[in-house]
Q: 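Questions regarding the structure given below will be posed in turn.
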2 protein chains.
Amino acid sequence: MSDEPASQGVEGAQSNLDELDIEIVQLLHKDGRMPFTEIAKQLGVSEATIRNRVQRLTNSGAITIQAYLNPNKLGFRSIALIELKMVNLERAQAIASELVEQDSVSYVAFVAGSYDLFVEVTYDTNEGLLDFLTALRAKPGIINCETATVLKLLKTQYSFQIRSTKSSSFSS
Amino acid sequence: MSDEPASQGVEGAQSNLDELDIEIVQLLHKDGRMPFTEIAKQLGVSEATIRNRVQRLTNSGAITIQAYLNPNKLGFRSIALIELKMVNLERAQAIASELVEQDSVSYVAFVAGSYDLFVEVTYDTNEGLLDFLTALRAKPGIINCETATVLKLLKTQYSFQIRSTKSSSFSS
DNA sequence: ATTGAAATAGTCGCAAC
DNA sequence: GTTGCGACTATTTCAAT
């Protein structure tokens with residue numbers, strides 16, 4: 001249903017990244033179009049090695065290299081963060097499976113806390129969001145549905161640090 | 001403090017994307033390394049035009065082209081979704097400003113709902129997460145702090161659809 | 001802002017280690 | 001898995017519209 005390939009499914013086949021892989025990814029995280037020759041020069045290996053590594057990383061789904069729209073630079077977006085408490089996890093799984101197929105749904109996760117499922121959705125208008133919520137809350141098995149609308153996005157890193165070179169301390 | 005450029009700040013200067021921009025972005029969203037000549041061929045303009053457009057889009061911060069690690073393909077990650085209710089929005093702004101500087105913090109947004117601030121953080125271990133939460137909850141001005149840990153990521157699209165070609169209806 | 005053309009640079013395929 | 005090389009292709013610069 002989505003126009004994205006279903007490369008990021010539920011399965012979590014783990015791939016082992018070595019030091020070189022990690023350094024390549026870090027460079028491509030700064031600039032996804034950095035020439036392989038430039039990466040090779042910086043890391044002290046041949047261009048062919050970089051090319052082979054990047055192909056392996058992308059083919060395995062370990063990384064994706066894509067253009068991303070900065071939501072702050074676009075017009076108004078109606079973004080909602082939704083928490084769902086379900087009657088059981090089978091129903092949660094069923095609802096989640098439906099949600100991941102929708103283009104408007106950008107984030108779905110099972111969580112441990114006061115609710116079971118966390119969802120982020122994005123629409124061009126509040127009307128679209130209302131339609132979504134109306135359909136969602138008509139679903140059976142939902143005990144509670146808490147919605148928060150995003151007023152302002154301050155940071156959307158879209159990524160995970162492998163190893164932070166900085167201290168993780170949080171001091172004001 | 002972060003090793004990322006602070007290109008995605010609080011300011012939301014809106015850029016107007018025309019049809020060609022949108023088509024370019026959609027192609028680069030499928031493959032961030034698609035050659036400009038290929039894009040030009042598909043869209044019926046010269047390669048130089050694509051290059052100029054992409055440069056303008058990236059320089060203005062409207063888009064970023066980056067490699068992203070698929071969290072499902074990595075080893076265990078300790079991801080937490082945190083909701084904060086603050087005594088007032090000045091304190092919320094102050095805390096948010098500190099949070100966006102941290103590499104472990106991947107998402108920060110002001111929201112309207114039963115809490116004020118929504119935050120996503122990622123650590124390699126639960127110990128790192130515990131340290132973060134300990135420091136966070138020692139901050140003044142926090143009325144309530146609700147944390148959910150991610151058990152399984154089902155979808156992380158990291159992006160926004162501009163115009164969906166598919167229906168947005170949510171029917172089971 | 002877009003284009004075409006020439007010079008430079010990167011990518012790709014492959015044989016060898 | 002990595003490398004070097006040759007053929008091919010893309011990118012870059014720039015003058016012109």
Side-chain angles (χ1 to χ4, degrees), chain A residues 5 7 11-70 72-75 159-160 162-163, chain B residues 4-5 7 11-70 72-75 159 162-163:
Chain A
S7 58
E11 72 286 346
Q14 185 177 343
S15 48
N16 288 330
L17 307 187
D18 64 14
E19 287 295 312
L20 183 57
D21 287 327
I22 290 170
E23 289 178 304
I24 292 170
V25 172
Q26 286 176 335
L27 289 175
L28 286 174
H29 184 65
K30 291 184 193 136
D31 176 7
R33 289 187 76 94
M34 181 181 286
F36 295 159
T37 50
E38 173 67 22
I39 299 172
K41 200 191 307 173
Q42 290 196 28
L43 300 184
V45 293
S46 75
E47 178 272 337
T49 297
I50 302 298
R51 178 155 36 95
N52 292 335
R53 293 292 190 112
V54 172
Q55 191 153 40
R56 189 167 52 73
L57 289 167
T58 52
N59 285 348
S60 71
I63 67 169
T64 55
I65 303 176
Q66 294 180 288
Y68 291 89
L69 278 162
N70 183 342
N72 284 323
K73 297 296 175 100
L74 295 173
S159 181
F160 299 89
I162 302 180
R163 296 169 306 184
Chain B
E4 282 292 293
S7 59
E11 72 287 343
Q14 185 177 343
S15 48
N16 288 330
L17 308 186
D18 64 14
E19 287 294 310
L20 184 57
D21 287 327
I22 291 171
E23 289 178 305
I24 293 169
V25 172
Q26 285 176 336
L27 288 175
L28 286 174
H29 184 65
K30 291 183 194 138
D31 176 7
R33 289 186 78 95
M34 181 181 286
F36 295 158
T37 49
E38 174 68 21
I39 299 171
K41 199 191 305 171
Q42 291 197 26
L43 301 184
V45 293
S46 75
E47 178 272 336
T49 298
I50 302 298
R51 177 155 35 92
N52 292 335
R53 293 292 190 113
V54 172
Q55 190 153 38
R56 188 167 52 72
L57 288 167
T58 51
N59 285 348
S60 70
I63 67 169
T64 55
I65 302 176
Q66 294 181 289
Y68 291 88
L69 277 163
N70 183 343
N72 284 322
K73 297 296 176 95
L74 295 173
S159 180
I162 302 181
R163 297 169 306 181

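The model shown is predicted, which means the values in this text are computed figures rather than measured ones. Letters A, B, ... mirror the listed sequences (proteins, then strands); counts begin at 1.
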Q: For a 4.5 angstrom cut-off between non-hydrogen side-chain atoms, does A:D21 reach A:R56?
A: yes
Q: What is the separation between atom CD on A:E38 and atom C1' on C:dT11, rounded to the nearest whole Å?
A: 15 Å
Q: With a cut-off of less than 4.0 Å, is there a side-chain N or O of A:R51 near OP1 or OP2 of C:dG10?
A: no
Q: Does any N or O in the side chain of A:K73 come within less than 3.5 Å of the main-chain N or O of B:I63, such that one atom is a donor and the other an acceptor?
A: no
Q: Whole Å only: how far is the CD atom of B:E47 from the C1' atom of C:dA5?
A: 12 Å
Q: If you define the side chain from C-beta out and look only at heavy atoms, does anything of B:Q66 sit under 4.5 Å from A:I65?
A: no
Q: Considering all heavy atoms of both residues, which atom of B:L57 and which atom of B:S60 are nearest to each other, and what is their separation?
A: O-OG, 3.2 Å
Q: What closest approach, in Å, do A:L28 and A:M34 show between heavy atoms, and which atom pair accounts for it?
A: CD2-O, 4.2 Å
Q: Under 4.0 Å from a heavy atom of chain B: give me the 5'-most and 3'-most nucleotides of DNA chain D that qualify.
A: D:dA10 to D:dT13
Q: So A:D18 and A:R53, do their side chains get closer than 4.5 Å, heavy atoms only?
A: yes
Q: Separation of A:I65 atom CD1 from C:dT11 atom P, in whole Å?
A: 11 Å
Q: From CD1 of A:I50 over to C1' of C:dG13, roughly how many Å is that when rounded to an integer?
A: 18 Å
Q: Ignoring hydrogens and angles, are the base of C:dG10 and the side chain of B:R33 linked by a donor-acceptor pair under 3.5 Å?
A: no
Q: Over how many whole Å does the gap from A:M34 atom CE to C:dG10 atom P extend?
A: 12 Å
Q: What is the distance, to the nearest angstrom, from the CZ atom on B:F36 to the C1' atom on C:dT2?
A: 16 Å
Q: Check the phosphate of C:dT3 against B:T49, side-chain N and O only, distance under 4.0 Å to OP1 or OP2. Yes or no?
A: yes
